[in-house]
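Single-structure report; data block below.
Please read all numbers here as calculations on a predicted model, not as lab measurements.
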Amino acid sequence: MLDMKFVRDNLETVRTMLKNRNNPLSLDGFSDLEKKRREILSETEQLKNQRNSTSKKIGAMKKAGENTDAISAEMREVGAKISELDNELRDVEEKLRDFLLHIPNMPKEDVPIGKDDSQNPEVRRHGEPRKFDFAPKAHWDLGESLNILDFDRAAKVSGARFTFYRGLGARLERACINFMMDLHANKHGYTEMLAPYIVNRDSMIGTGQLPKFAEDMFKVENSDFYLVPTAEVPTTNYHRDEILSAENLPEYYSCYTACFRAEAGSAGRDTRGLIRQHQFNKVELIKFTKPEDSWNELESMVDAAEDVLRILEIPYRVVLLCTGDMSFTSAKTYDIEVWMPAQDKYREISSCSNCTDYQARRANIKFRRDTKSKPEFVHTLNGSGIAVGRTVAAILENYQQEDGSVLIPKALVPYMGGVEKICK
RNA sequence: GGAGAGUUGUCCGAGUGGUUGAAGGAGCACGAUUGGAAAUCGUGUGUGCGUUGAUAGCGUACCGAGGGUUCGAAUCCCUCACUCUCCGCCA
């Protein structure tokens with residue numbers, strides 16, 4: 001969340017930001033609440049001061065054997081007033097907190113203002129989309145005809161937006177996970193993690209999924225548990241309520257998890273194939289950095305994610321998200337979009353964001369520059385490194401042959417136990 | 001799931017109603033000592049909020065979380081979470 005004082009002192013700037021993000025939140029009432037909070041606080045603290053000093057006095061009087069009935073009665077009234085004010089204060093602070101939890105992060109100055117994804121500027125491209133001398137098939141058709149993806153049985157067993165991988169399909173998904181984890185651990189310096197798939201409410205608030213996006217999550221019934229929508233949640237909250245030491249920064253983590261998303265509101269979109277599933281695999285990259293380093297760290301994180309596609313030799317482009325398309329917690333986001341021949345367009349396969357101190361403030365993650373200095377909020381970054389199901393889809397479409405077989409990218413062959421091609 | 005024990009500052013660890021933000025120790029920082037270091041000695045060493053020009057001072061809150069009793073709670077009561085031990089079950 002944003003700093004309360006920042007919102008108070010920059011109300012119009014925050015309003016403009018909300019408008020640029022197409023966020024309808026109204027800040028009416030915020031200033032009054034903020035002012036009210038300080039008024040109550042000053043009054044209640046004054047009374048507490050009185051109570052504290054008088055209570056000490058009462059202790060001394062009792063020791064001296066004096067009667068304290070009158071003064072105790074007086075303090076009882078002060079106490080009643082205090083608890084009345086405290087209740088009022090709690091109410092005001094709850095409302096303020098609710099405001100703050102619903103205000104998204106401030107975009108960096110160089111983020112273009114725009115309505116939606118049509119206004120995301122392209123930053124760079126890598127690789128030439130292959131020229132097919134036959135009509136390329138969609139990955140779901142390839143997967144079914146090769147008998148490596150089974151959407152029908154997944155629908156029977158679970159429902160829409162689930163998939164069975166089988167045989168070399170399952171092997172390919174697993175090969176991608178292993179390849180990505182090895183790449184980030186060995187080449188890019190990320191510490192490998194495996195995290196819980198179920199997290200509590202505080203974690204979901206810490207990274208910004210709650211309270212606003214509850215309908216996008218799967219909640220475990222009769223509990224306060226949620227299925228993780230991304231490894232960003234457990235991995236960023238790994239350091240919740242901690243003060244990190246400066247010499248450990250930046251901290252890099254890579255974490256594979258399955259991801260669970262309700263996909264409410266995307267009915268009818270990407271109904272076929274691996275693109276939009278209730279459960280999918282993802283390798284996530286997470287960084288905790290000093291504030292002054294986070295922008296460079298964002299660039300190197302995107303590069304690490306791009307590296308996956310470069311090594312797999314699949315064409316992609318990088319776009320910079322405009323204000324209207326950026327996620328809630330992000331100050332700046334690059335999306336990597338992979339070339340999908342059957343759709344004849346680039347599709348998102350990774351999203352890398354610098355959340356600056358926004359999540360750190362929610363999750364209370366700080367660091368200390370040295371023993372004498374006050375703790376400061378870290379910056380948190382997260383990025384897909386990369387979405388595994390979409391990678392498999394991209395491999396199937398980009399590496400397909402006219403006879404319906406699919407070649408395995410060279411870098412994955414060792415992870416496939418030497419298999420170089422998937423055929424019928 | 002059953003029974004019991006715990007949760008205090010960076011760490012260890014005292015503290016069962018009053019001057020305790022919290023004994024003592026360790027660590028750390030600064031200073032003294034030293035040719036330099038170790039050892040030793042001295043001083044200091046939490047966070048949030050409010051006030052403020054101020055990372056000064058003052059006030060306030062915080063001893064797992066939330067509520068209650070009391071003039072006053074780390075200390076008493078209630079609820080919850082987590083940790084540990086034993087039993088049961090189990091990949």
Side-chain angles (χ1 to χ4, degrees), chain A residues 1-9 30-101 194-206 210 220 222-226 234 237-249 251 258 290-292 357 360-378:
Chain A
M1 60 191 161
L2 300 180
D3 180 31
M4 181 151 65
K5 285 183 202 133
F6 173 83
V7 178
R8 176 186 74 193
D9 298 337
F30 182 89
S31 299
D32 289 345
L33 278 171
E34 199 279 333
K35 202 170 148 207
K36 181 92 180 154
R37 170 174 175 271
R38 281 179 293 147
E39 283 168 5
I40 300 172
L41 211 49
S42 111
E43 195 180 347
T44 191
E45 286 191 353
Q46 205 178 316
L47 290 172
K48 281 176 182 171
N49 180 226
Q50 188 191 344
R51 179 174 69 181
N52 288 345
S53 56
T54 309
S55 291
K56 280 181 192 171
K57 216 179 289 170
I58 290 173
M61 285 168 75
K62 285 207 163 176
K63 222 172 224 172
E66 294 174 45
N67 184 294
T68 59
D69 289 356
I71 195 165
S72 291
E74 201 181 307
M75 281 306 103
R76 201 167 8 242
E77 275 177 40
V78 171
K81 181 70 182 165
I82 287 171
S83 80
E84 193 182 302
L85 285 171
D86 275 349
N87 284 337
E88 218 178 308
L89 183 65
R90 193 178 314 148
D91 186 54
V92 167
E93 291 195 325
E94 214 167 278
K95 283 180 182 148
L96 274 170
R97 181 172 163 76
D98 197 56
F99 254 119
L100 290 172
L101 287 178
L194 284 175
Y197 287 14
I198 293 179
V199 297
N200 58 31
R201 185 180 177 77
D202 285 344
S203 295
M204 294 293 264
I205 289 173
L210 291 180
V220 179
N222 300 322
S223 78
D224 211 20
F225 290 137
Y226 295 81
N237 280 283
Y238 182 69
H239 285 308
R240 174 150 51 85
D241 293 320
E242 289 185 22
I243 299 174
L244 310 175
S245 38
E247 65 259 31
N248 291 336
L249 298 180
E251 190 91 76
K290 293 181 195 169
E292 63 270 28
D357 61 1
R361 190 173 283 108
R362 282 178 168 245
N364 189 30
I365 307 169
K366 298 183 170 180
F367 79 104
R368 212 188 289 276
R369 287 183 190 276
D370 56 71
T371 50
K372 280 186 196 160
S373 46
K374 292 207 122 208
E376 300 171 51
F377 289 114
V378 299

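- For residues 75-99 of chain A, the pairs satisfying ring pair (Phe, Tyr, Trp, His ring centres under 6.0 Å) are A:Phe30-A:Phe99, with sequence neighbours left out.
- Between A:Lys81 and A:Glu43, some side-chain heavy-atom pair lies under the 4.5 Å cut-off.
- Across the P atoms, B:A65 and B:A81 are found 15 Å apart, a figure rounded to whole Å.
- Between A:Gln50 atom CD and B:U60 atom C1' the separation is 14 Å, expressed in whole Å.
- With P as the reference atom, B:U34 and B:C28 are 23 Å apart, rounded to whole Å.
- Put simply, CZ on A:Phe377 is 11 Å from C1' on B:U47, counting in whole angstrom units.
- Dashed line: the shortest gap from a side-chain N or O of A:Asn49 to OP1 or OP2 of B:U60 is under 4.0 Å.
- Straight-line distance between the P atoms of B:U7 and B:C77: roughly 14 Å, to the nearest whole Å.
- Considering only residues two or more places apart in sequence or on other chains, A:Asn67 meets the side-chain hydrogen bond (donor to acceptor under 3.5 Å, both in side chains) condition with none of them.
- For residues 32-61 of chain A, no pair satisfies ring pair (Phe, Tyr, Trp, His ring centres under 6.0 Å), with sequence neighbours left out.
- In this structure, the CD atom of A:Glu43 is 15 Å from the P atom of B:U51, given to the nearest Å.
- Contact annotation: A:Lys374 side-chain N/O to B:G48 OP1/OP2 distance is under 4.0 Å.
- Residues passing the side-chain hydrogen bond (donor to acceptor under 3.5 Å, both in side chains) test with A:Tyr238, sequence neighbours excluded: none.
- For the P atom pair drawn from B:G2 and B:U45, the interatomic distance equals 48 Å after rounding to whole Å.
- Contact annotation: A:Lys63 does not reach the phosphate of B:U19 (side-chain N/O to OP1 or OP2, under 4.0 Å).
- Here A:Lys57 lies out of heavy-atom contact (under 4.0 Å) with every strand.
- In this structure, CG on A:Leu2 lies 9.5 Å from CZ on A:Arg362, to the nearest 0.5 angstrom.
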- Note on the structure: Given protein heavy atoms under 4.0 Å, the one-letter contact record of nucleotides 61-69 of chain B, with B base, S sugar-phosphate only and - none, is simply S-----S--
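- When the P atom is used for both B:G64 and B:G9, the distance is 8 Å, rounded to whole Å.
- Under the rule for a salt bridge (charged side-chain N to carboxylate O under 4.0 Å, His left out), the partners of A:Lys95 that lie at least two apart in sequence or sit in another chain are A:Asp91.
- Side chains of A:Leu244 and A:Glu251 form no contact here, defined as non-hydrogen atoms less than 4.5 Å apart.
- Listed by residue number, the members of residues 72-81 of chain A with any heavy atom below 4.0 angstrom from RNA chain B are A:Ser72, A:Met75, A:Arg76.
- Remark: A:Lys366 engages no residue in a salt bridge (charged side-chain N to carboxylate O under 4.0 Å, His left out) (not counting sequence neighbours).
- Summarising the geometry, atom CG belonging to A:Leu96 is positioned 5.0 Å from atom CG belonging to A:Leu33; distances are rounded to the nearest 0.5 Å.
- In terms of the side chain to side chain contact (heavy atoms under 4.5 Å, CB included) criterion, residue partners of A:Arg97 (sequence neighbours excluded) are, by chain and number, A:Met1, A:Leu101, A:Ile205.
- Rounding to whole angstrom units, CZ of residue A:Arg369 and C1' of B:A29 are separated by 19 Å.
- Mapped onto RNA chain B by nearest heavy atom, A:Thr54 and A:Pro375 fall at different nucleotides, with A:Pro375 at the one closer to the 5' end.
- Nearest to the side-chain atoms of A:Leu41 among the listed nucleotides B:C49, B:U47, B:G72 stands B:C49.
- Among the heavy atoms of the strands, none lies under 4.0 Å from A:Arg201.
- Taking the side chain as every heavy atom from C-beta outward, A:Arg201 and A:Leu210 approach each other to under 4.5 Å.
- Ranked by how close their nearest RNA chain B nucleotide is to the 5' end, A:Ile243 and A:Gly59 are led by A:Gly59.
- Qualifying side-chain hydrogen bond (donor to acceptor under 3.5 Å, both in side chains) partners for A:Arg8, counting only residues two or more places apart in sequence or in other chains: A:Glu34.
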- Note on the structure: Dot-bracket for RNA chain B, 5' to 3', Watson-Crick and G-U pairs with both distances under 3.5 Å, [ ] for crossing pairs, | for partner on another strand, reads ((((((((.[[[..)..(.....]]]((((((.......))))))((((((.....)))))).[[[[[..)....]]]]])))))))....
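- Atom pair A:Asn248:CG and B:U10:P shows a separation of 16 Å (rounding to whole Å applied).
- Taking the C1' atoms as reference points, B:G68 lies 30 Å from B:G13, given to the whole Å.
- Remark: A:Arg76 pairs with no residue by the side-chain hydrogen bond (donor to acceptor under 3.5 Å, both in side chains) rule, at least two apart or across chains.
- Taking the P atom of each, B:G6 and B:C58 are spaced 38 Å apart, rounded to whole Å.
- Considering only side-chain atoms of A:Arg38, the nucleotide from B:G50, B:C71, B:U47 that sits closest is B:G50.
- For the C1' atoms, the distance from B:A61 to B:G21 is 11 Å, rounded to whole Å.
- Distance, A:Asp370 CG to B:A29 C1': 10 Å, rounded to whole Å.
- Spacing between atom CG of A:Leu89 and atom P of B:G50 amounts to 11 Å, rounded to whole angstrom units.
- In this structure, A:Asp241 places its CG atom 20 Å from P of B:G46, rounding to the nearest Å.
- For B:C71, the OP1/OP2 oxygens have no side-chain nitrogen or oxygen of A:Lys56 closer than 4.0 Å.
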